[in-house]
Amino acid sequence: MYKILKKKQLSAVVWLMEVEAPLVARHCLPGQFVIVKNGEEGERIPLTICDYDREKGTITIVFQPLGVATNKFMKLEEGDAFDDFVGPLGRPSDIVEMSEEELKEKKFLFVAGGVGTAPVYPQVKWLHEHGYSADVIIGARTKDLLFFEEEMRSVAGNLYITTDDGSYVHKGVVTSVIDELVAEGKTYNHCVAIGPMIMMKFVCLTTKKYEIPTIVSMNPIMVDGTGMCGACRLSVGDEIKFACVDGPEFDGFKINWAEAMKRTQMYKTEEGLAKLKYQEGDTHHGNCGNGGNK
Ligand code: NAD
Ligand code: FES
């Protein structure tokens, strides 16, 4: 059992929990995720690790209650526990694998959209702790949905906040801030964008204009997170990849966005799922090659 040590509401729709999971905390790195499950019949929910404390043996997760499982998570209180908390899973973010020389050459821009602010935080924090600076843009639809402003400010080089409706600081979506920063003469050579799929797609279209290589996190298309259900299959350049085992982070310029977004919609219905299994045959599933029950 994995005890919840802290529970906090971060915004109108987003919750944070600090969970006792010493083994995960000992081994995890920014960019990796955990699978959280409660109850025998509970759904397996992949959540990117938002923070970790190796000494305390804790992992921080951030989630938006959308389906049945995450709504049940929200009802848990400090002192309650999750039945399953598996991880760290997925490949760490590429920043942790860069050499010192590479890191020194990088001018980082992180773009966080809505709930995607949570997985951006550990990467910016990791860079800060290793002596590197990153500019960060956080976009939220309204002021009520913004969270981690102070946490991000304490680790970012410069923090730019924008709201779609202009209720706080700047008015506009995250891509408008990228355009403005570049127009002001800021230069970047490495962008990481994490948020809703549509945002990541449009960030890539924007950064491509300025030739800023861009990494995105395909966590939103994961279902079981183990390489078995086939849900997170995507085309990256000429290759077929699975977000949960080959990612979750990929070169955003190489992703076939139209296919990924259409596929995610099809996965939501039994009929769409059956059609995908038929079309994709043996390659439908991830690493195991034969898939689970989906
Ligand atoms: P949201 O819809 O509130 O959007 C957040 C911000 O993204 C907006 O304020 C805006 O600045 C920007 N944005 C949205 N659409 C845009 C567009 N077309 N062009 C430019 N910018 C745009 O986000 P939300 O409701 O917090 O997002 C929830 C989604 O985020 C879920 O679908 C979840 O799967 C996804 N998510 C993704 C990750 C990840 O790892 N990629 C992590 C957590 C959540
Ligand atoms: Fe099921 Fe990746 S989430 S195969």
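For ligands, and for the atoms within them, numbers begin at 1 and follow the listed sequence. Everything quoted here is computed from the prediction, not taken from an experiment. Atom set for the values below is all heavy atoms of this structure, side chains included, hydrogens, waters and symmetry mates excluded.
- Note on Cys229: counted as a metal contact of atom 1 (Fe) of ligand 2, an N/O/S atom lying under 2.8 Å.
- Using a 4.0 Å cutoff on heavy atoms, Gly225 counts as a contact of ligand 2.
- With ligand atoms numbered from 1 in the order given, ligand 2 contributes 4 (S) to contacts under 4.0 Å with heavy atoms of Met228.
- Which of Gly116, Gly31, Ala243 comes nearest to atom 43 (C) of ligand 1 through a heavy atom is settled by distance: it is Gly116.
- With ligand atoms numbered from 1 in the order given, ligand 1 contributes 5 (C), 6 (C), 7 (O) to contacts under 4.0 Å with heavy atoms of Gly113.
- Taking a 4.5 Å side-chain heavy-atom cut-off between Ile, Leu, Val, Met, Phe, Trp and Tyr, the cluster of Ile35 extends to Phe33, Val86, Leu89, Met222.
- Atoms of ligand 2 lying under 4.0 Å from at least one heavy atom of Gly230, given by number and element, are 1 (Fe), 4 (S).
- The side chain to side chain donor-acceptor pair (under 3.5 Å) contacts involving residues 11-39 comprise Glu18-Lys56, where partners must be two or more places apart or lie in separate chains.
- When ring centroids are compared, Tyr210 and Tyr188 stay outside the 6.0 Å threshold.
- Distances from ligand 1 to the non-hydrogen atoms of Leu145 include no value under 4.0 Å.
- Between Glu77 and Lys7 there is a salt bridge, with a side-chain nitrogen of the basic residue lying less than 4.0 Å from a carboxylate oxygen of the acidic one.
- When only interatomic distances are considered, the shortest N/O to N/O separation between Gly172 and ligand 1 does not fall below 3.5 Å.
- Contact atoms of ligand 2 toward Val223: 3 (S) (distance under 4.0 Å to a heavy atom of the residue).
- Note on Arg141 versus Asp165: no salt bridge recorded, every NZ/NE/NH1/NH2 to OD/OE distance being 4.0 Å or above.
- Taking a cut-off of under 4.0 Å to the non-hydrogen atoms of Cys244, the atoms of ligand 2 that pass are 2 (Fe), 3 (S), 4 (S).
- Using a 4.0 Å cut-off between heavy atoms, Asp224 contacts ligand 2 through both its backbone and its side chain.
- No N or O atom of Gln64 sits closer than 3.5 Å to an N or O atom of ligand 1.
- Taking a 4.0 Å cut-off on heavy atoms, Met200 registers as neighbouring ligand 1.
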